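Below you'll find the structure I mean.
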Amino acid sequence: MNKIIVTGGKGFLGRCVTTNLHSMGIVHALDSSMYDLRSYEETEQMYIDFNPNIVVHLAATVGGIGANKKNPGLFIEENLIMGYNTIKLAKEYGVEKFIMLGTVCSYPKNCPVPFKEEDLWNGYPEETNAPYGIAKKTLMQLIQSYNQQYGFNGVNLIPVNMYGPKDNFDESSSHVIPALILKFQQAIDRGHETVEIWGTGYASREFLYVDDCAEAIKLAIKKYNRPNPTNIGTGKEITIAELAQKIQSIMGHKGNIMFNKDYPDGQPRRCLDTSKAKERFGFEAKTDFDTGLTKTIEWFKNDYNNS
């Protein structure tokens with residue numbers, strides 16, 4: 001029977017992954033309260049304690065544009081250290097398969113759309129997200145290098161921004177969808193006041209429902225054994241302005257939206273070519289965006305009203 005550990009297993013994606021993998025064996029959801037992956041010794045103890053044959057590495061230090069601008073040193077340092085310790089010791093302890101979650105932030109700022117995996121190294125990432133993106137890209141290369149020299153069975157998955165129920169709605173660190181949902185709720189609470197959104201609204205993003213990402217990880221564990229980076233997404237993009245209008249409509253906000261152009265847009269466009277995920281292990285996203293967004297907002301409202 002498989003013994004699987006999921007780092008970051010009690011986080012937003014981790015909970016979904018842990019639930020989805022139960023049919024494959026014994027799954028342990030781990031978090032920073034159990035092992036500090038910045039410590040080589042504690043990471044090694046994790047491998048000694050659980051002796052896994054499959055590792056899904058989701059643990060990361062992450063945040064939105066504001067958090068990235070405030071913590072460039074922290075983001076590159078902690079993600080590199082956690083990833084290195086976890087990958088290095090997976091090799092040392094003979095792990096049969098290692099799944100690494102990268103980030104769309106690793107792609108060049110002006111990458112041709114849709115982003116193809118072979119363009120990953122063809123330019124510098126968008127400056128706001130560069131420290132995090134470069135850390136993850138370095139770890140992807142570490143897995144490829146270990147595969148080349150030692151036969152290490154690591155898989156590199158590059159998901160777009162995820163969303164769904166139980167997302168992080170902390171206004172200091174949340175990503176765009178939960179951040180906007182929270183903004184509109186607060187505006188409704190204040191009599192439908194105007195909602196200010198950073199940037200021009202012209203930037204586009206692609207979003208993946210969290211359950212779909214969990215399914216992609218499961219399929220990769222079952223069917224894929226190469227370190228070549230593989231995009232995980234829907235292949236569909238939406239502008240921030242259109243996204244804001246959708247959220248406003250679903251939530252029933254009756255005020256205005258104002259885009260503050262003094263703040264950065266981040267990367268101009270994000271949309272992935274997802275054909276390789278389908279070819280390599282049969283993954284296609286199933287959740288329609290309007291359906292997923294409505295479910296997310298319904299969960300948020302229920303949680304918000306009961307908190």
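It should be emphasised that the depicted structure is a prediction, and the values quoted were computed from it without experimental measurement.
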Can T200 and D265 be counted as having a side-chain donor-acceptor contact under 3.5 angstrom?
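Looking only at side-chain atoms, D265 and T200 do form a donor-acceptor pair, the distance falling under 3.5 Å.
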Do the side chains of V104 and I177 join up, straight or via other hydrophobic residues, at under 4.5 Å, putting them in one cluster?
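No, V104 does not connect to I177 through the hydrophobic network.
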W299 ring centre to K166 NZ or CZ under 6.0 Å, with the angle to the axis within 45°?
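So K166 doesn't make the cation-pi contact.
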Check whether NZ of the Lys or CZ of the Arg K91 lies under 6.0 Å from the centre of the six-membered ring of F152 and within 45 degrees of that ring's axis.
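Verdict for F152: no cation-pi partner in K91.
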Taking the side chain as C-beta and beyond, is there a heavy-atom pair between Y84 and T43 under 4.5 Å?
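SC-SC contact between Y84 and T43 ruled out.
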Let me confirm one number: the OG1-CE distance from T7 to M100, rounded to the nearest 0.5 Å.
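One gets 10.0 Å once the value is rounded to the nearest 0.5 Å.
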From CA spacing to verdict: side chain to side chain contact (heavy atoms under 4.5 Å, CB included), T234, V160:
CA-CA 9 Å; T234 65; V160 290; 5.9 Å; no
Surrounding OH of Y304 (heavy atoms of other residues, nucleotides or ligands, distance under 6.0 Å), is the total greater than 12?
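Check passes, neighbour count above 12.
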Between F283 and Y224, is the ring centroid distance below 6.0 Å?
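F283 vs Y224: aromatic centres not under 6.0 Å.
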Got a second to check how far L293's CG is from D288's CG, nearest 0.5 Å?
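Atom-to-atom, L293:CG and D288:CG are 10.0 Å apart.
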Do L272 and V113 have side-chain heavy atoms sitting under 4.5 Å apart?
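A side-chain contact under 4.5 Å is absent here.
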Might you confirm whether atom CZ of R15 has over 12 heavy atoms from other residues, nucleotides or ligands at distances under 6.0 Å?
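Enclosed.
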Could you tell me if Y107 and N231 have a donor-acceptor pair between their side chains, going purely by distance under 3.5 Å?
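The criterion, which ignores hydrogens and geometry beyond distance, is satisfied for Y107 and N231.
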Does L142 share a hydrophobic cluster with Y40, counting links as ILVMFWY side-chain heavy atoms below 4.5 Å and allowing steps through other members?
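Yes.
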Residues R269, E237; criterion salt bridge (Lys or Arg N to Asp or Glu O under 4.0 Å); working and verdict
CA-CA 8 Å; R269 292 178 69 188; E237 63 185 317; 2.5 Å; yes
Is a donor on one side and an acceptor on the other found under 3.5 Å between the side chain of K261 and the backbone of G199?
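No, K261 side chain to G199 backbone: no donor-acceptor pair under 3.5 Å.
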Are any of the side-chain nitrogens in E92 or K88 under 4.0 Å away from the carboxylate oxygens of its partner?
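A salt bridge links E92 with K88.
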Are N53 and K97 close enough that a side-chain donor and a side-chain acceptor fall under 3.5 Å?
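No, because no side-chain N or O of N53 sits under 3.5 Å from a partner of the opposite role on K97.
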Decide side chain to side chain contact (heavy atoms under 4.5 Å, CB included) for H253 and Q185; before the verdict, give the C-alpha distance in whole Å, the side-chain angles of both, and the deciding distance to 0.1 Å.
CA-CA 8 Å; H253 174 255; Q185 183 61 59; over 6 Å; no
Short side-chain to backbone donor-acceptor contact, Y47 and T86, under 3.5 Å
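Indeed, once roles are kept as given, a pair shorter than 3.5 Å links the two residues.
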How about S23 and K218: does a side-chain donor come under 3.5 Å of a side-chain acceptor?
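Their side chains do contain a donor-acceptor pair, which is all the 3.5 Å distance test asks for.
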Membership question, hydrophobic clusters at under 4.5 Å side-chain separation (ILVMFWY): are I48 and M46 in the same one?
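As far as the 4.5 Å side-chain criterion goes, I48 and M46 are connected within one cluster.
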Keeping the roles fixed (side chain from D273, backbone from P114), state whether a donor-acceptor pair exists under 3.5 Å.
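Judged by distance alone, no pair lies under 3.5 Å.
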Within this structure, what is the CE-CG distance for the pair M34 and L30, rounded to the nearest 0.5 Å?
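Taking CE in M34 and CG in L30, the distance rounds to 4.5 Å.
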Can you measure from CD (Q267) to SG (C111) and round to the nearest 0.5 angstrom?
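Answer for the CD-SG pair, Q267 versus C111, is 7.5 Å.
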Around atom NZ of K236, are there more than 12 heavy atoms from other residues, nucleotides or ligands closer than 6.0 Å?
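No, NZ of K236 has 12 or fewer neighbouring heavy atoms, counting only those of other groups under 6.0 Å.
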How far apart are the C-alpha atoms of F300 and F184, what are their side-chain angles, what is the distance that settles it, and do they pass the ring-ring contact (aromatic ring centres under 6.0 Å, His included) test?
CA-CA 12 Å; F300 167 80; F184 279 107; over 10 Å; no
Heavy-atom donor-acceptor pair, N153 side chain to E96 backbone, under 3.5 Å:
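Checked: pair present.
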When rounded to the nearest 0.5 angstrom, what distance separates CG in L21 from CD1 in I4?
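Between L21 CG and I4 CD1, I get 5.0 Å after rounding to 0.5 Å.
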Donor-acceptor contact present, side-chain N156 to main-chain T230, <3.5 Å
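No; zero donor-acceptor contacts below 3.5 Å.
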I'd like to know if the side chain of N20 reaches the main chain of A214, judged simply by a donor and an acceptor atom lying under 3.5 Å from each other, with no hydrogens or angles considered.
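Yes: the side chain of N20 pairs with the backbone of A214.
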Any chance the side chains of N302 and E298 put a donor and an acceptor closer than 3.5 Å?
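Note: N302 and E298 side chains miss the donor-acceptor criterion.
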Do we see a donor-acceptor contact under 3.5 Å between the side chains of E44 and Y93?
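Present: a donor and an acceptor within the cut-off.
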Using atom types as modelled and distance alone, determine if a side-chain donor or acceptor of Q141 lies under 3.5 Å from a backbone N or O of T138.
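No, Q141 side chain to T138 backbone: no donor-acceptor pair under 3.5 Å.
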Looking at L37, is its backbone amide N or carbonyl O close enough to the side chain of E78 to form a donor-acceptor pair, meaning the two atoms are under 3.5 Å apart?
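No, because the side chain of E78 does not come within donor-acceptor range (under 3.5 Å) of the backbone of L37.
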Distance-only polar pair, side chains of N228 and E117, donor-acceptor under 3.5 Å
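On atom types as modelled, these side chains do not qualify, holding no pair under 3.5 Å.
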For the pair E279 and K276, find out whether any cationic side-chain nitrogen is under 4.0 Å from an anionic carboxylate oxygen.
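Salt bridge flag = no for K276 with E279.
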Where the side chain of N260 meets the backbone of W198, is there a donor-acceptor pair that is under 3.5 Å apart?
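It does not hold such a pair.
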Quick check: do K3 and N51 have side-chain heavy atoms less than 4.5 Å from each other?
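They are in contact (side-chain heavy atoms under 4.5 Å apart), so the answer is yes.
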Under the criterion side chain to side chain contact (heavy atoms under 4.5 Å, CB included), I'd like the reasoning laid out for M258 against I197: C-alpha separation, chi angles, the key distance, then a yes or no.
CA-CA 6 Å; M258 181 190 76; I197 298 173; over 6 Å; no
Distance-only, no hydrogens or angles: does the K136 side chain make a donor-acceptor pair with backbone N or O of L101 under 3.5 Å?
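Yes: the side chain of K136 pairs with the backbone of L101.
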A side-chain contact here means heavy atoms from C-beta on lying under 4.5 Å apart; do M140 and S106 qualify?
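The answer is yes, as the side chains (C-beta and beyond) meet within the 4.5 Å cut-off.
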N110 side chain near P268 side chain, heavy-atom distance below 4.5 Å:
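Yes, their side chains come closer than 4.5 Å.
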Group every Ile, Leu, Val, Met, Phe, Trp and Tyr by side-chain heavy-atom contacts under 4.5 Å, then state whether V17 and Y209 land in the same group.
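Different clusters: V17 never reaches Y209 through Ile, Leu, Val, Met, Phe, Trp or Tyr contacts under 4.5 Å.
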Indicate whether the side chain of N129 and that of E126 have a donor and an acceptor atom separated by less than 3.5 Å.
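Yes.
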Using 0.5 Å steps for rounding, measure from the CD1 atom of I134 to the CG atom of L80.
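The CG atom of L80 is 9.5 Å from CD1 of I134, to the nearest 0.5 Å.
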Chi angles and distances behind the side chain to side chain contact (heavy atoms under 4.5 Å, CB included) call for Y163, V210:
CA-CA 6 Å; Y163 72 102; V210 65; over 6 Å; no
Taking atom types as modelled, find out whether D49 and Y35 have a side-chain donor-acceptor pair closer than 3.5 angstrom.
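Y35 and D49 do have a side-chain donor-acceptor pair below 3.5 Å.
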